[in-house]
Amino acid sequence: MEAEKATDVSDIQNEDDLDEEPGEVIESAPPLKVGEERELGTSGLQKKLLKRGYGYETPELGDEATVHYVGTLLDGTKFESTRDRDEPLTIKLGQGRVVKGLDHGVVSMKKGEIALFTLPAELGYGVVGGGGSVVPSNAVVRFEVELVSWITVVDLSKDGGIVKKIIEKGERNERPGDLDEVLVKYRVALVDGTVVAETPEEGIEFYVKDGHFCSALPKAIKTMKRGEKVRLIVQPQYAFGVEGRDANNGFHSVPSCSVLNIDLELVSFKPVIDVTGDAKVIKKVLKEGEGAWVANESASVTVCYIARLEDGVVFEKKGIDGEQPLEFITDEEQVIAGLDRAVATMKKGEQAILTIHPDFGFGSVEARRDLAVVPPHSNIVFEVEMLDFIREKAPWEMINHERLEAARRKKEEGNLLFKEGKYQKAGKKYDKGVDYVSEDGNFGDDESKLARELRLSFWLNGAACSLKLNDFQEAIKLCSKVLDIEFHNIKALYRRAQAYMQVADLVLAELDIKKALEVDPQNREVKLIEKNLKRLQVESNKRDAKLYTNIFGRMTKKLKVEKVENEK
């Protein structure tokens, strides 16, 4: 009967195999049920689940696990037990402190789990036996193990110089970066327990990039989450090296080549963001906002703030002490550039301190504000809160006629900025306008024609901006987009020819001018740049002739010298 059952199971397994898709790989077996037993891997280690654990995390080799265990032979003879002394054992997984095979069983366990592991001799005590001479050689042994807890151990420096043991896990997944301001508590001791440094009860604040105490501290802090508590074991090269450190602030000195034990807690941190990428607008978040959305470009925002000089003099208030909040549209130059750029990165309810360089503030001019005068070249500080904002709808959030209307507005706004000489901002408007009338917009026939006209107009106007900004390659690219659709478009040919002339590609410039004059032989603007092109060609030919004359002159001179030397 047993043989028949085995055959039946085999048949079922074969049928299951046939149901798999070709190339399908089963990544892991389903979780064990209580009372179920299974081999772990191919080493012969068997695991039987006696009690489920909590959560989903399991330790890794290198971690420090605290376990209770009872070791027995197959006949039930007990040879070792932590239960007898009512004190669990802490082991470093991977070192095989009990027996080498058991560690590989523990890494499969969850906190609070109890399991029975059966180890073949090669994973247990081997040919020598053990367990206080109770375990004979080549014996199969069993360990009933409870995983009480474990501490994650991380080699931060990858050379054993900074080892982090996580005592208490932190919240969320965010970790501080170099620019962020952190609040930490720590206690530093030598190996013999002598305390050499300790923060006040309320902790200490500093910017990660500025460093603090020893080089190991900021390295460790950047790996931690809010509320995380760790024990660092720091070797001398990441502490105070051979020099050590003198006694100070009432604490003992650190002798030469000392290993430090640091109990460290990351209480909190304030994210600091380089808004402009050049450290000229820095935002330090005091209070995080709501949700995931920020007040992007062209959003209608409502903010309150206190604006100060670096010496603390308040020069403006909005929404404070009875003042009305400030309402404006971002990216419309309605406020100074630094405030504009920073507010566009804020969430509703967010509070932040902005430090703004003069280049993004009031520049080199004196600015008379409500409460004080801002001197030229002043760094300024805003303490700002985002009260509310209404984001500009994204194209995919609009129906067709809304997208066309939004595109028209972008064109009008861009044209106005171009007339004012604000070519970079005008170019941004045209570039954004294209998004509303892209080819994948699923417009109807009449709408599609209008969308196409707007799209060509945005590219042409964008090319005009690029020419004004001396970005000739971008002008060539935008005009080429137009000519891919309308190969005879005179404006595109004219502007691309201008750009080619600026990058000294006179051959391609001549081709575009000829095509434009074929379409409109009397076009005055095209004829004018044709004259300029001919002048450039004459100058280029002269330079080429001079270059070749010099080359041939040097070659002739060299040949004459060689002839004289050969005749000697």
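Just so we're clear, the structure is a prediction, and the values are computed from it rather than from any experiment.
Side-chain contact between Lys283 and Val272 is absent, with no heavy atoms from C-beta onward closer than 4.5 Å. By the 4.5 Å heavy-atom criterion applied to side chains, Tyr305 and Val343 are not counted as neighbours. Side-chain atoms of Leu326 and Val335, non-hydrogen and from C-beta on, do get closer than 4.5 Å to each other. When side chains are defined from C-beta on, Tyr186 counts as touching Leu217, because their heavy atoms get closer than 4.5 Å. Side-chain contact between Asn379 and Ile356: absent, with no pair of heavy atoms (C-beta onward) separated by less than 4.5 Å. For the pair Pro375 and Leu309, the minimum side-chain heavy-atom distance is below 4.5 Å. Residues Leu533 and Leu506 are in side-chain contact: their nearest non-hydrogen atoms beyond the backbone lie under 4.5 Å apart. Put simply, the side chain of Leu264 reaches to within 4.5 Å of the side chain of Val184, judged on heavy atoms.
The number of heavy-atom neighbours closer than 6.0 Å to CG of Asp446, taken from other residues, nucleotides and ligands shown, is 12 or below. The number of heavy atoms from other shown groups lying within 6.0 Å of CD1 (Ile390) does not exceed 12. Counting heavy atoms of neighbouring residues, nucleotides and ligands inside a 6.0 Å radius, atom NZ of Lys477 does not exceed 12 of them. Within 6.0 Å of atom CD in Glu397, more than 12 heavy atoms from other residues, nucleotides or ligands are found, so the atom counts as buried in its surroundings. For Gln424, the CD atom sits in a loose shell: 12 or fewer heavy atoms of surrounding residues, nucleotides or ligands are nearer than 6.0 Å. Other residues, nucleotides and ligands contribute at most 12 non-hydrogen atoms within 6.0 Å of the CG atom of Asp445.
In summary, the side chains of Lys219 and Ser157 do not present any donor paired with an acceptor at a separation below 3.5 Å, with no hydrogens or angles considered. No side-chain donor-acceptor contact under 3.5 Å links Thr276 and Arg341. A side-chain N or O of Lys411 and one of Ser457 form a donor-acceptor pair less than 3.5 Å apart. With no hydrogens or angles considered, no side-chain donor-acceptor pair links Tyr500 and Glu510 at under 3.5 Å.
Interatomic distance, Leu156 CG to Met224 CE, rounded to the nearest 0.5 Å: 10.0 Å. The distance from the SG atom of Cys214 to the OH atom of Tyr238 is 11.5 Å, given to the nearest 0.5 Å.
The nearest pair of heavy atoms linking Gly319 to Cys304 is CA-CB, 3.7 Å.
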Determine, step by step, whether Glu453 and Lys449 satisfy the side chain to side chain contact (heavy atoms under 4.5 Å, CB included) criterion, reporting the C-alpha distance in whole Å, the side-chain angles of both residues, the deciding distance to 0.1 Å, and the verdict.
CA-CA 6 Å; Glu453 290 172 0; Lys449 182 180 178 182; 3.7 Å; yes
What do the steps show when you test Asn296 against Thr330 for side chain to side chain contact (heavy atoms under 4.5 Å, CB included), and what is the final call?
CA-CA 7 Å; Asn296 59 356; Thr330 59; 5.6 Å; no
Please step through salt bridge (charged side-chain N to carboxylate O under 4.0 Å, His left out) for the pair Arg369 and Glu316, ending with a clear verdict.
CA-CA 6 Å; Arg369 310 306 290 173; Glu316 194 167 63; 3.1 Å; yes
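No donor-acceptor distance shorter than 3.5 angstrom exists from the side chain of Arg455 to the backbone of Val434, with no hydrogens or angles considered. Without hydrogens or angle criteria, Gln334 side chain to Ile329 main chain gives a donor-acceptor distance under 3.5 Å.
A side-chain hydrogen bond (donor to acceptor under 3.5 Å, both in side chains) with Lys284 is found for exactly one of Gln351, Glu181, Glu383, namely Glu181.
Using a cut-off of 4.0 Å between Lys/Arg side-chain N and Asp/Glu carboxylate O, Lys428 and Glu297 are scored as salt-bridged.
Relative to the six-membered ring of Tyr494, Lys491 misses at least one condition, a distance below 6.0 Å or an angle of at most 45° to the axis. The cationic atom of Arg308 (NZ for Lys, CZ for Arg) does not lie both less than 6.0 Å from the six-membered ring centre of Phe382 and within 45° of the ring axis.
Between Tyr430 and Phe458, the ring planes lie tilted relative to each other; the angle falls in the 30° to 60° range.
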